[in-house]
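Working notes, beginning with the structure itself.
Hydrogens, waters and symmetry mates are skipped; everything else that's a heavy atom, side chains included, is used. Protein chains get the first letters and strands the later ones, always in sequence-line order, with residue 1 at the start of each.
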2 protein chains.
Amino acid sequence: MVLGKQIEWAMHCASFLASLPEDMAVSVNVLAEYHEVPRDYLAKALQSLAKAGIVKTTVGPRGGYTIGRAAEEITLLDIVESVEGEKSTFSCTEIRQKGPCKMEEKAYSGVCGIAAAMYRADHAWRESLRSTTLADINRSVNRVVPAEQKRKVMAWLEGKLSSKS
Amino acid sequence: MVLGKQIEWAMHCASFLASLPEDMAVSVNVLAEYHEVPRDYLAKALQSLAKAGIVKTTVGPRGGYTIGRAAEEITLLDIVESVEGEKSTFSCTEIRQKGPCKMEEKAYSGVCGIAAAMYRADHAWRESLRSTTLADINRSVNRVVPAEQKRKVMAWLEGKLSSKS
DNA sequence: GAGCTTCTACTCGGATACGCCCTGTCCGAGTCCGGCAGG
DNA sequence: CCTGCCGGACTCGGACAGGGCGTATCCGAGTAGAAGCTC
């Protein structure tokens with residue numbers, strides 16, 4: 001019951017892309033170097049994001065990833081579900097219908113009480129993630145990161161892009 | 001990000017034990033047969049519950065598992081954490097402190113905004129689980145299971161116990 | 001010098017190995033109840 | 001009939017295979033931009 005590191009990477013990358021001018025494409029190479037993570041594996045997470053429309057891709061030289069829509073319209077739940085899938089954290093195998101004391105099948109019309117409680121908890125988790133957008137994240141980040149650091153990052157980024165032309 | 005089936009088994013077993021007279025011990029064999037699940041693997045889940053005090057064990061013939069404390073005092077979170085461990089669903093590896101643009105270490109005093117949001121969601125999930133007790137589960141089960149079925153189960157159980165003596 | 005062609009370099013995306021953890025199983029150690037023998 | 005001993009059964013806990021998924025990597029398909037050639 002632990003989320004993989006792809007989730008963390010995807011969120012940081014999405015947050016990063018959302019903080020850039022939207023005509024500024026960043027390649028997997030640069031994103032991987034910036035976050036110091038394995039390039040090809042990070043690419044897989046970004047592919048999931050692209051499939052969900054959270055990021056857009058442009059191929060060819062000077063290409064790369066850009067944010068897919070407004071940061072206010074991207075929730076953390078979108079990112080989690082695009083990378084991790086949408087299956088619930090709990091799956092009911094209906095063991096109440098198993099064993100020597102089971103009743104006839106039609107007697108089990110309602111949802112199992114245990115499963116219902118687990119689904120409620122799963123729903124609470126998802127609602128919490130849905131209530132936070134990338135815009136919220138970036139606002140909180142902006143409050144603690146000094147402007148000088150942002151300039152430094154932009155300079156590094158543009159150095160990376162120009163060196164490739 | 002999916003809970004194992006041990007969680008489901010543990011919850012059904014705990015709910016079942018809580019619905020019995022508290023001097024009635026049920027062995028792993030009977031619990032496994034009743035739920036139609038692998039005996040030895042189920043035993044591991046019950047051992048986890050026993051370690052957490054959720055169920056009590058009595059060894060020897062006519063021994064087995066009994067509920068460890070009042071059903072009102074056992075939450076679903078207790079069961080999940082005893083079986084699955086207490087580690088958070090999200091682990092922050094602080095990748096914001098990695099890469100060529102990192103700042104000096106003391107600049108990262110606050111919690112990463114992304115991790116904070118994930119911890120909030122994790123907390124919401126746990127709070128939802130904490131708010132439901134085994135007593136709640138059994139009340140809802142009692143509303144849909146006919147009394148005749150309960151008698152049938154008790155008769156089957158006592159047949160199992162007597163056949164062993 | 002302008003426009004077209006070619007060519008390179010860069011991008012994404014899917015397909016392919018490795019390793020860990022969940023799943024499932026087995027066995028030995030310890031313990032308590034029930035039966036049996038002896039007084 | 002009472003007491004002590006013994007065997008059986010039950011549980012616990014650790015140790016041991018198999019499979020699925022997260023992790024990590026590679027290579028091919030496609031495209032945009034740059035370079036070069038021709039007019």
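For the pair B:Ile7 CD1 and C:dT23 P, the interatomic distance rounds to 9 Å; values are reported in whole Å. Rounding to whole angstrom units, NZ of residue B:Lys56 and P of C:dT31 are separated by 20 Å. Atom pair B:Leu46:CG and D:dG13:P shows a separation of 12 Å (rounding to whole Å applied). Taking atom CD of A:Glu36 as the reference point, atom C1' of D:dA24 lies 16 Å away to the nearest angstrom. Atom CE in B:Met1 sits about 18 Å away from atom C1' in D:dG20, given to the nearest Å. To the nearest angstrom, P of D:dC21 lies 11 Å from NZ of B:Lys5. The interatomic distance linking A:Glu8 (CD) with D:dT23 (P) rounds to 11 Å, in whole Å. For the pair A:Glu84 CD and D:dT23 C1', the computed distance is 13 Å after rounding to whole Å.
Each of C:dG13, D:dT25, C:dG14 was ranked by its minimum atom distance to the side chain of A:Thr57; first place goes to C:dG13.
Applying the 4.0 Å criterion to OP1 and OP2 of C:dT11, one finds that A:Ser27 has a side-chain N or O inside that range. An OP1 or OP2 oxygen of D:dT23 is reached within less than 4.0 angstrom by a side-chain nitrogen or oxygen of A:Tyr41. For A:Asn29, a side-chain nitrogen or oxygen approaches OP1 or OP2 of C:dT11 to under 4.0 Å. The side chain of A:Lys44 contributes no N or O atom lying less than 4.0 Å from OP1 or OP2 of C:dG14. For C:dG14, the OP1/OP2 oxygens have a side-chain nitrogen or oxygen of A:Gln47 closer than 4.0 Å.
With contacts defined as side-chain heavy-atom distances shorter than 4.5 Å, the pair B:Ile114/A:Glu8 does not qualify.
Using modelled atom types, one finds no donor on one side chain facing an acceptor on the other under 3.5 Å when comparing B:Asn138 with B:Ser19.
The 5' end of DNA chain C is approached more closely, in terms of each residue's nearest nucleotide, by A:Lys51 than by the other of B:Trp9 and A:Lys51. Taking for each of A:Pro61 and A:Asp40 the nucleotide of DNA chain D with the nearest heavy atom, the 5'-most of the two is the partner of A:Asp40. Residue B:Ala50 is the one, among A:Gln6 and B:Ala50, whose nearest nucleotide of DNA chain D lies closer to the 5' end (criterion: closest heavy atom). Positionally, the nearest nucleotide of DNA chain C for B:Leu42 lies more toward the 5' end than for the other of B:Leu42 and B:Val59.
Proximity of a side-chain donor or acceptor of A:His35 to a complementary backbone N or O of A:Leu31 within less than 3.5 Å is detected.
A search for ring-ring contact (aromatic ring centres under 6.0 Å, His included) contacts involving B:Tyr34 returns B:Phe16, B:Trp156, not counting sequence neighbours.
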Criterion side-chain contact (heavy atoms from CB on, under 4.5 Å) on A:Leu134 and A:Ile67, from CA distance to verdict: CA-CA 11 Å; A:Leu134 275 188; A:Ile67 198 69; 4.2 Å; yes
